[in-house]
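In what follows, a structure is listed as structure tokens, so that the remarks can point back to it.
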Amino acid sequence: MKQFIALVLALSLTVLSGCAGTGSVYTNYREIEQMMLIRTLGFDRTDGQLRTSISGGEKGEYTGYTRMSAQGDSVSAALDVLQDYTSWEELYYAHTKYVLVGQTLAEQDLTEVLDYMIRSSQLRTNVSLYLVKGDTAENLILHCGGEDNDVTSALDSIVRDSDRRGDGYAFSMREVAASLSENGAALLCAIQVVPLSNVDADAKEDQLTPNTCGYAILKGTKLVGFIEKENTRGVNFLMGHPGTGTITLNGGRAGTTVLTLNQGDVQLKPVWGPDGVLTGIRADIQAEAFVEETEHPDALDVAQLTEQFSRQLEQWVTSVLQSMSDTGADFLGIGARLRMQDPARWDRMPRAWEDVIGDLTFQVQAEGKITRTDQLQ
Amino acid sequence: MERTISRWQLLTLMFVAALSPFLRLIPGRIAQLSGSAGWLCGLAAYPCLLLLVWMLLSVLNRVCPDRGLAAGILEVFGKPVGGAVLLVWSAWLILHGGFLMRSGADRFIATIFPNSTPWMFVGVMAVLTLIAAMGHVKVLARSAEIFRPLLLIVILFVIGTALPNVEPSYLLPVRPDDAIPVGKSGLMVTESLCNVLLIGAFLWGYRDNGPLKLGRYARWLGWMCLLATVVTAVTVGVFGPNNTARMSYPFFAMIWDVNLFNTIQRMEAFVVGLWVLPDFVLVTMEVMVAADNLMLLFHMDRQAGKLLYWKDGGRVIWLCTALTVLAAVLIAGDTQALDRWSDQIIPMAGLAMCFVTTVALYLIAKLRKKL
């Protein structure tokens, strides 16, 4: 019996071979040389069809990037077309880092694309989502970069810089899907397409690059508005990671002064009306910064600068809260955060959060602090 | 070689086996039942489980110390009724084992190998189970001792890396209205653990001498309920209750995102592969217990310490394994049917089997003045 079991086990090894095409039971095996790793995926809606664009496939010094685009009735159909045109390699999406969606698609509906991404057993849920403002994902993917880089490299750089500056945040698919299902709204980092020749004299005429330009507001799964770039810091403050970027203040005695943010925090409190209705939100901001650069150092007035700094913070946060109220989209889960402070009272509200959100007033107060001026002696 | 298992090894076997239903049911099904408050499921399950263990220990330590639940059932219910109960238990364990084989295969298909069919996974598990069940439970217990730290490290690693992404507003506040949904999800945790508790009780006959103390079980249950709480809290905190409820395998979806300083990533295939180990331990325990019950009823010899092959009781192990595979093949034609089994039929049947057996055992033992 021992010999019989040993024989059965030995024979069973033959079907576990990883070699494709040799009768292996391991049907998902792929040769690494035959895989094209896609790093950025784009979705647009054109002529009623879904257009999918891809970028990636760089394997080393002697192979360039592959950029392709195709359309179909569905995401899968469009990806199948791309695969048909890449018969020598298998398009492999498990290492996708960024997903871009064009503005037209987002205005119509993102359900199909989000559903595909959540269901996919290849895409990670932490893939970053971007909305291409005023343009298509296809245009950016096909025309960004050159032989040595592609849109993925450009987006890598954007993520690094905006995270440091606190003026952009690459929301992941998981965060967007969770926010849509819990709050009914979400934000996407918005990018605009600009010609590279604006800053690079050697760039070709049709070479493009992405630039952050605020946030796109999704309500349900449709685009309902934008938060402009000058107010994006308010979003990052409300999310609890304001970054350490610079703040430029104009009009003071010292002329143009640049502060660098040290830290910041926002505390939100509900404001209740006499009949138990939520009438507004109070936001208390605390932030610290130091002077990085000033036009007239001798005229630097710390008190005035602090005042200017505080008003700037208030303007950022007010503008974001106002966007929430105007669009009726609780994209930062503010309702859930307020509910945590007094759930019993919240649940007794005569009007639901979704109904009062458009009528709210905001009392925003900032206490800025200049920690050091580092004036030259 | 000593052929008995220590009390520690028994609890280790139960721990590894419990991880099989844990990650299948706990984050997703609990989020469906009780939403954001689901993370309190461990707290809700603990008293129920403690009561079950107390009744079980009361009967077994007094009525049939060191002989296991099968002997206890025959002793308390009498041979005809007890024999029927053991037959029902064997049938249940075979059905449950078949379901585990099939759902384990489905987990592979849903998370890693979307183009595969379940039969290869079922076949491999059947071969592993047959070989392990023919051997002694001591060997299985030693395997569980090796698997335990590996599985614990993976769970703690995944939880640790996901923790910074937890959003508190997805978990709080908890309101009095949540009590009933939390109670329902507590039943789900109870089901996951009570089945393992009773299978462990059947294996008491292989254990070292000496009674099992309630305190030890209470601590073990406490850790398991805490694990259920942490796994649920982290998964729901990361994906939100609504998304967690919609996902087939939310815990494994969380593993897709694990990225440690860009040096360790895409480890989901490894982790899903590791989850074969709890399935293997639980299915083998079930086949062993089902076969042991049949051997006890039909007076066959297990020949402790030897591989059984086809001799005497060995045939019963082949039979039980074959029936388990048959159950795996017939149990569900598609994923929707499998989900129904996973979410409704198996938990309800498991709870009924465990609680009816234990409560009846306790009450009849009391009536017959055996306690």
Side-chain angles (χ1 to χ4, degrees), chain A residues 1-2 4-6 8-9 12 15-16 24-30 37 92 94-95 97 114-115 118-127 172-184 186 239-241 268 330 332-348, chain B residues 35-36 108-117 119-121 123-124 127-128 130-131 134 162 165 167-178 236-250 252-259 265-266 268-269 272 307-311 314:
Chain A
M1 182 56 91
K2 274 183 187 168
F4 174 70
I5 290 179
V8 169
L9 289 177
S12 68
V15 295
L16 296 177
S24 167
V25 292
Y26 188 30
T27 55
N28 288 60
Y29 184 80
R30 298 171 180 92
L37 304 187
Y92 191 62
H95 290 267
K97 213 170 170 187
L114 289 174
D115 186 69
I118 292 278
R119 280 178 198 277
S120 167
S121 58
Q122 282 203 8
L123 287 176
R124 299 181 213 196
T125 59
N126 64 355
V127 57
S172 68
M173 178 172 74
R174 171 176 49 75
E175 289 168 317
V176 171
S179 184
L180 286 175
S181 68
E182 303 306 325
N183 310 318
M239 284 170 59
H241 37 87
L268 297 177
D330 182 12
L332 289 175
I334 302 279
R337 282 159 67 180
L338 294 175
R339 181 174 179 250
M340 277 169 73
Q341 295 178 23
D342 191 350
R345 190 167 190 180
W346 187 272
D347 293 346
R348 282 200 307 270
Chain B
S36 59
F108 265 111
I109 294 167
T111 52
I112 310 292
F113 305 113
N115 303 325
S116 306
T117 58
W119 312 125
M120 186 192 79
F121 303 108
V124 170
V127 172
L128 290 173
L130 179 65
I131 293 169
M134 283 194 300
N165 298 324
E167 170 59 50
S169 67
Y170 293 161
L171 302 172
L172 295 170
V174 177
R175 306 268 292 119
D177 307 349
D178 293 320
V236 172
V238 166
F239 290 115
N242 293 329
N243 266 352
T244 308
R246 286 171 55 204
M247 289 173 157
S248 303
Y249 296 96
F252 293 105
M254 209 158 61
I255 298 165
W256 291 349
D257 292 351
V258 168
N259 184 347
Q265 53 181 321
R266 298 303 306 192
E268 65 271 13
V272 174
L307 283 173
L308 291 171
Y309 301 130
W310 190 248
K311 287 172 281 186

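Order of the sequence lines fixes the chain letters, A, B, ..., with proteins taken first and strands second; residue numbering starts at 1 for each chain. All figures in this text were calculated on a predicted structure; none of them were measured in a lab.
Considering only residues two or more places apart in sequence or on other chains, A:Ser181 meets the side chain to side chain donor-acceptor pair (under 3.5 Å) condition with none of them. Remark: A:Ser120 pairs with no residue by the side chain to side chain donor-acceptor pair (under 3.5 Å) rule, at least two apart or across chains.
In this structure, CD1 on A:Ile118 lies 5.0 Å from CE on B:Met247, to the nearest 0.5 angstrom. Of the inter-residue distances, the one linking A:Asn126 atom CG with B:Trp256 atom CH2 reads 11.0 Å to the nearest 0.5 angstrom.
When all heavy atoms are compared, the tightest approach of B:Pro173 to A:Met340 is CD-CG, 4.0 Å. Contact record, B:Asn242 with A:Glu182: N-OE2, 2.8 Å, taken as the closest heavy-atom pair.
Residue A:Leu180: no heavy atom, backbone or side chain, is found under 4.5 Å from chain B. Proximity to chain A (any heavy atom under 4.5 Å) is shown, for B:Pro241, by both the backbone and the side chain. For chain A, no part of B:Val174 is nearby; none of its heavy atoms comes within less than 4.5 Å.
Within a 6.0 Å sphere centred on CZ of A:Arg337, other residues, nucleotides and ligands contribute more than 12 heavy atoms. Atom CZ of A:Arg345 is surrounded by more than 12 heavy atoms from other residues, nucleotides or ligands within 6.0 Å.
Of the listed residues (A:Pro343, A:Gly333, A:Ser179, A:Ser172), the greatest number of heavy-atom pairs within a distance under 4.5 Å of chain B belongs to A:Pro343.
Residues B:Asn165 and A:Arg174 form a side-chain contact, since some pair of their non-hydrogen atoms from C-beta on lies under 4.5 Å apart.
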